[in-house]
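Below: the structure, in structure tokens.
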Amino acid sequence: MIKQILVLCFFLTSLYADNIVIGKYDRVDLPLLNLKDIRAKVDTGAKTSSLHCSFIESIDDKYVVFDVLDETHKKYENEKFKLPIKRVAKVRSSNGILEKRYVILTKVFIFGKYIETEFTLTNRKKMNYPILLGREFLKKGFIVDVRKEYISFKNKN
């Protein structure tokens with residue numbers, strides 16, 4: 001019996017050994033979009049991560065032009081970005097409405113690592129956090145501890 005418990009403990013330890021504990025909130029960098037220390041909310045209920053944009057426009061269904069944040073945000077630069085559309089997702093927003101959203105691929109810098117991540121582009125002006133980090137991001141090596149906040153940001157500074 002003791003041997004079985006030890007094997008189980010070893011298995012669980014090795015299963016989670018490479019995972020990083022992330023809290024319910026943190027700050028992230030999106031270097032390809034010239035953003036540093038942007039507030040992000042970890043959302044295990046969201047499949048794909050989401051990025052607040054006040055302007056979003058498709059070009060020939062191949063590219064999307066967008067700006068990040070809006071004029072009320074102190075880090076808003078009124079800079080337009082043009083990236084390939086990775087795919088179009090149908091997303092049920094927090095108010096229950098089904099939306100068509102463009103998905104881009106960019107890098108997130110958190111815990112000293114660059115992690116390629118898909119983001120849906122949407123207007124999150126009424127939300128408290130301009131970035132949601134969803135399950136597809138979290139599957140890349142994170143375990144959520146909702147009792148903690150800003151772990152990566154605190155370690156960075």
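No hydrogens or angles considered: nothing links the side chains of Glu77 and Asn34 as a donor-acceptor pair under 3.5 Å.
In this structure, His52 contributes its side chain and Arg124 its backbone to a donor-acceptor pair below 3.5 Å. The backbone N or O of Arg135 lies less than 3.5 Å from no partner atom in the side chain of Lys47, so there is not a single donor-acceptor pair. Ser49 places a side-chain N or O within 3.5 Å of a backbone atom of Gly134 that can act as its donor or acceptor partner. At distances below 3.5 Å, not a single donor-acceptor pair connects side-chain atoms of Lys125 with backbone N or O atoms of Cys53. For the pair Asp60 (side chain) and Lys62 (backbone), a donor-acceptor distance under 3.5 Å is absent. Using modelled atom types, one side-chain atom of Ser54 and one backbone atom of Leu69 make a donor-acceptor pair closer than 3.5 Å. Between the Asp26 side chain and the Ser152 main chain, a donor and an acceptor come within less than 3.5 Å of each other.
Looking at heavy atoms from C-beta onward, Arg147 lies out of side-chain contact with Lys24 at the 4.5 angstrom threshold. At least one side-chain heavy atom of Phe66 sits less than 4.5 Å from a side-chain heavy atom of Leu33. Residues Phe137 and Ile131 are not in side-chain contact: their nearest non-hydrogen atoms beyond the backbone lie 4.5 Å or more apart. Between Val21 and Ile151, the closest side-chain pair of non-hydrogen atoms falls below 4.5 Å. Side-chain contact between Val88 and Val103: absent, with no pair of heavy atoms (C-beta onward) separated by less than 4.5 Å. Contact check for Leu30 versus Ile38: no side-chain heavy atoms found under the 4.5 Å cut-off. At least one side-chain heavy atom of Thr117 sits less than 4.5 Å from a side-chain heavy atom of Phe119. Residues Val108 and Asp29 have side chains not in contact (no heavy-atom distance under 4.5 Å, counting atoms from C-beta outward).
Taking a 4.5 Å side-chain heavy-atom cut-off between Ile, Leu, Val, Met, Phe, Trp and Tyr, the cluster of Tyr63 extends to Phe55, Ile59, Val65.
In this structure, the separation between CD1 on Ile22 and CD1 on Ile110 is 4.0 Å, given to the nearest 0.5 Å. Atom-to-atom distance recorded for Thr122:OG1 and Ile56:CD1 is 6.0 Å, nearest 0.5 angstrom. For the atom pair CG of Leu35 and OG1 of Thr106, the computed distance is 9.0 Å after rounding to the nearest 0.5 Å.
The hydrophobic clustering, which links ILVMFWY residues whose side-chain heavy atoms are closer than 4.5 Å, places Phe111 and Phe153 apart. Cluster membership for Leu133 and Ile20, using ILVMFWY side-chain heavy atoms within less than 4.5 angstrom, is shared. The hydrophobic clustering, which links ILVMFWY residues whose side-chain heavy atoms are closer than 4.5 Å, places Ile115 and Phe109 apart.
For Lys80, the NZ atom sits in a packed shell: over 12 heavy atoms of surrounding residues, nucleotides or ligands are nearer than 6.0 Å. Within 6.0 Å of the NZ atom in Lys41, the count of heavy atoms belonging to other residues, nucleotides or ligands does not exceed 12. Dense packing is recorded around NZ of Lys75, with more than 12 heavy atoms of other residues, nucleotides or ligands lying under 6.0 Å away.
Taking every heavy atom of both residues into account, Lys154 and Glu149 meet most closely at NZ-O, 3.4 Å. The nearest pair of heavy atoms linking Leu105 to Leu83 is O-CD1, 4.4 Å. Across all non-hydrogen atoms, the minimal contact from Pro31 to Lys107 is CD-O, 3.4 Å.
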Open item on the list: Run Asp37 and Arg27 through salt bridge (Lys or Arg N to Asp or Glu O under 4.0 Å) and show every step you take.
Closed with: CA-CA 5 Å; Asp37 298 330; Arg27 288 186 178 260; over 6 Å; no

TODO: Test side-chain contact (heavy atoms from CB on, under 4.5 Å) on Tyr102 and Thr120 and set out the steps.
DONE: CA-CA 6 Å; Tyr102 298 109; Thr120 64; over 6 Å; no

Task: side-chain contact (heavy atoms from CB on, under 4.5 Å) assessment of Leu138 paired with Val144 - done: CA-CA 8 Å; Leu138 297 170; Val144 180; 3.9 Å; yes

TODO: For Arg92 and Glu99, run salt bridge (Lys or Arg N to Asp or Glu O under 4.0 Å): C-alpha distance rounded to whole Å, both residues' side-chain angles, the deciding distance at 0.1 Å, then the answer.
DONE: CA-CA 6 Å; Arg92 189 166 307 277; Glu99 299 177 323; over 6 Å; no

Task: Worked verdict on Glu136 versus Glu118 for side-chain contact (heavy atoms from CB on, under 4.5 Å) - done: CA-CA 8 Å; Glu136 292 299 320; Glu118 284 188 353; 5.8 Å; no

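Taking the six-membered ring where the residue is Trp, Tyr129 and Tyr25 present parallel rings, their angle staying beneath 30° rather than reaching 60°.
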